[in-house]
There are 2 protein chains.
Amino acid sequence: MEEKSKQILSDNKVSVTNPRILVLEALLEIKSPITIDELQSKLKNKVAKSTLYRVLNDLKNINILNEFTSPDNTVVVELVLEGDQHHHHLFCSDCGEIIDVELSQNFEDLLNKEIKKIEKKFNFIIEDHRVEMFGQCTDQCENCKK
Amino acid sequence: MEEKSKQILSDNKVSVTNPRILVLEALLEIKSPITIDELQSKLKNKVAKSTLYRVLNDLKNINILNEFTSPDNTVVVELVLEGDQHHHHLFCSDCGEIIDVELSQNFEDLLNKEIKKIEKKFNFIIEDHRVEMFGQCTDQCENCKK
DNA sequence: GAATAAATGAGAATTATTCTCATTTATTTT
DNA sequence: AAAATAAATGAGAATAATTCTCATTTATTC
């Protein structure tokens with residue numbers, strides 16, 4: 001993953017530094033939403049706290065980091081690389097797990113039509129959208145061990 | 001609004017106290033998403049900071065407060081009373097304004113169908129959902145004064 | 001490889017939120 | 001309606017999350 005991380009950085013014209021490589025490697029390895037705390041412990045102090053925040057900010061700036069909050073307002077990040085499937089999130093209130101969910105193409109088309117109406121109605125340019133779903137896993141969630 | 005606030009509190013079986021009335025009045029008066037900071041200045045120190053957080057928590061517990069975060073992760077709250085229309089949010093990245101948006105009934109029906117599919121697929125019980133839209137207002141936004 | 005510019009680490013500063021506890025206020029009991 | 005009890009509040013301390021500062025290190029350019 002180190003090579004891929006370097007590639008991503010140089011492709012995006014940001015300097016290739018160790019902390020950036022380490023953070024990218026960690027994010028590439030899990031490839032699913034993770035809190036800053038989790039990311040920090042995954043990095044085992046190999047990157048200073050302040051640097052971690054700076055690197056995450058860099059990744060946001062080059063548009064490969066998606067940042068949002070879980071229902072308890074904890075910040076969560078995930079890598080979104082070019083070509084990755086557009087997806088949404090499902091939150092389990094029992095165990096806190098966050099699951100990537102792809103909605104059907106048909107539905108996304110309809111959502112985009114709906115968004116066009118909203119743009120007109122409110123005189124907005126809408127660049128992005130998010131669908132979040134909240135509930136509880138029943139028997140398949142690893143964390144809950146139900 | 002004071003009477004209505006008292007009514008809401010007693011209806012929900014929480015004791016009717018001054019701070020709670022004041023917070024409810026403020027939320028009823030604006031009836032649109034507001035940050036904690038904005039709410040605090042609207043209340044002009046008539047309610048202690050710690051109490052404000054406690055009261056907001058109470059309102060969450062009786063299920064009449066919707067809490068979410070704006071794209072910069074600032075916590076935003078809004079009152080959602082019984083009978084209020086289900087709605088979503090549109091965020092302006094220029095001025096930070098948050099606009100309530102109702103999607104068409106037809107679309108909501110389709111979204112609910114889509115959600116049923118997700119429930120099956122992930123063995124989840126989904127209780128709530130949220131659609132967030134991000135963009136820039138063009139010429140009608142008061143804050144931007146474009 | 002030297003010079004320049006940018007990034008980092010460590011911890012201080014700031015901000016948001018929660019907690020503590022003595023006091024006040026609301027509710028219940030009489 | 002007053003006393004007793006329980007709950008809520010205010011003030012500020014404590015904690016947590018994030019940003020900032022600045023001396024040092026590392027990457028990039030020449």
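Quick caveat, the model's predicted, so the values are computed rather than measured. Below, chain A is the first sequence line, B the second, and so on; all start at residue 1.
- Base engagement by A:T51 is indicated by at least one non-hydrogen atom pair under 4.0 Å involving a base atom.
- Ring centroid separation for the pair B:F107 and A:F107 comes in under the 6.0 Å cut-off.
- A:N57 places no side-chain N or O within 3.5 Å of a backbone atom of A:Y53 that could act as its donor or acceptor partner.
- In this structure the side chain of A:L81 reaches within 4.5 angstrom of the side chain of A:L28, judged on heavy atoms.
- OP1 or OP2 of D:dA8 sits under 4.0 Å from a side-chain N or O of B:R20.
- Taking side-chain N and O atoms only, A:S15 has no distance below 4.0 Å to OP1 or OP2 of C:dA6.
- Under the Watson-Crick or G-U wobble criterion, with both distances below 3.5 Å, C:dA22 is paired with D:dT9.
- Heavy atoms of B:S50 sit under 4.0 angstrom from at least one base atom.
- At the phosphate of C:dT8, OP1 or OP2 sits under 4.0 Å from a side-chain N or O atom of A:T17.
- Of the possible polar contacts, none joining the B:T74 side chain to the B:S70 backbone as a donor-acceptor pair under 3.5 Å is found.
- In terms of phosphate contacts, A:Y53 brings a side-chain nitrogen or oxygen within less than 4.0 Å of OP1 or OP2 of D:dT18.
- Where B:N18 and B:T74 each meet DNA chain C at their nearest nucleotide, the meeting point lying more 5' is that of B:T74.
- In this structure D:dT15 sits in a base pair with C:dA16, meeting the Watson-Crick or G-U test at under 3.5 Å.
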